[in-house]
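See below for the structure under consideration.
Counting from 1, the numbers follow the sequence of the chain as shown. Remember, it's a predicted structure, so these values are computed and weren't measured experimentally.
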Amino acid sequence: LLPALFVLALVANLALLAGPALPNLLMLTLWAQLAFYGLVVAGSVGYRLDRRWRLPSICYYIFAGNVGTVRGFMHFLSEEQGVLWEKAAR
């Protein structure tokens with residue numbers, strides 16, 4: 001549910017930009033979202049450079065977890081994915 005809400009909130013905030021002037025609270029939420037995604041990019045860069053910055057790493061972890069959730073759910077919907085473990089061949 002959380003990945004869908006992240007996307008929905010960003011789309012809603014960006015759609016509000018097309019309308020009349022935004023109230024200060026809505027503009028603040030848009031800037032907060034953009035700052036979060038900027039920190040996600042910084043966390044991704046830090047991960048690739050083997051640097052661990054605290055706040056960007058946390059944002060990147062949250063984002064990567066949500067992307068993994070969406071990908072896993074899409075895999076579950078698109079293929080014959082069983083819910084039981086298969087026994088390993090010995």
Side-chain angles (χ1 to χ4, degrees):
L1 186 61
L2 191 59
L5 292 177
F6 272 133
V7 172
L8 183 65
L10 183 62
V11 169
N13 271 331
L14 292 175
L16 287 173
L17 284 177
L22 290 175
N24 290 337
L25 180 61
L26 292 177
M27 189 58 81
L28 178 67
T29 61
L30 176 62
W31 282 111
Q33 281 183 299
L34 294 176
F36 173 78
Y37 289 116
L39 287 169
V40 167
V41 171
S44 175
V45 169
Y47 182 77
R48 284 166 178 45
L49 295 176
D50 202 26
R51 303 281 307 230
R52 300 295 187 264
W53 301 303
R54 186 178 185 93
L55 187 58
S57 293
I58 292 170
C59 293
Y60 178 66
Y61 174 78
I62 291 169
F63 180 78
N66 284 312
V67 168
T69 299
V70 170
R71 288 184 66 195
F73 186 66
M74 292 306 209
H75 179 72
F76 173 75
L77 291 177
S78 67
E79 297 181 9
E80 299 262 339
Q81 180 69 31
V83 295
L84 300 176
W85 289 84
E86 292 181 22
K87 260 193 163 178
R90 294 185 184 216

Do the side chains of N13 and L16 get nearer than 4.5 Å, heavy atoms only?
yes
Considering residues at least two apart in sequence or located in another chain, which fulfil the side chain to side chain donor-acceptor pair (under 3.5 Å) criterion with R54?
none
Single-linkage hydrophobic cluster, 4.5 Å side-chain cutoff, I62 and L10 together
yes
Considering only NZ, NE, NH1 and NH2 on the basic side and carboxylate oxygens on the acidic side, decide whether R52 and D50 come within less than 4.0 Å.
yes
Any residue meeting side chain to side chain contact (heavy atoms under 4.5 Å, CB included) with V67, in chain and number order, not counting sequence neighbours
F63, R71
Correct closest heavy-atom pair for F6 and Q33 would be O-NE2, 4.0 Å
Considering residues, nucleotides and ligands other than F73, do more than 12 of their heavy atoms fall under 6.0 Å from its CZ?
no
Look only at the side chain of S44 and the backbone of V40, and say whether a donor-acceptor pair between them is shorter than 3.5 Å.
no
Check for me, please, whether Y37 and W31 land in the same ILVMFWY cluster - side-chain distances under 4.5 Å, paths through other members count.
yes
L14 and F36: same hydrophobic cluster, using ILVMFWY side-chain contacts below 4.5 Å?
yes
Y61 meets the side chain to side chain contact (heavy atoms under 4.5 Å, CB included) criterion, sequence neighbours left out, with none
Under a 4.5 Å side-chain heavy-atom rule over Ile, Leu, Val, Met, Phe, Trp and Tyr, are V45 and Y60 clustered together?
no
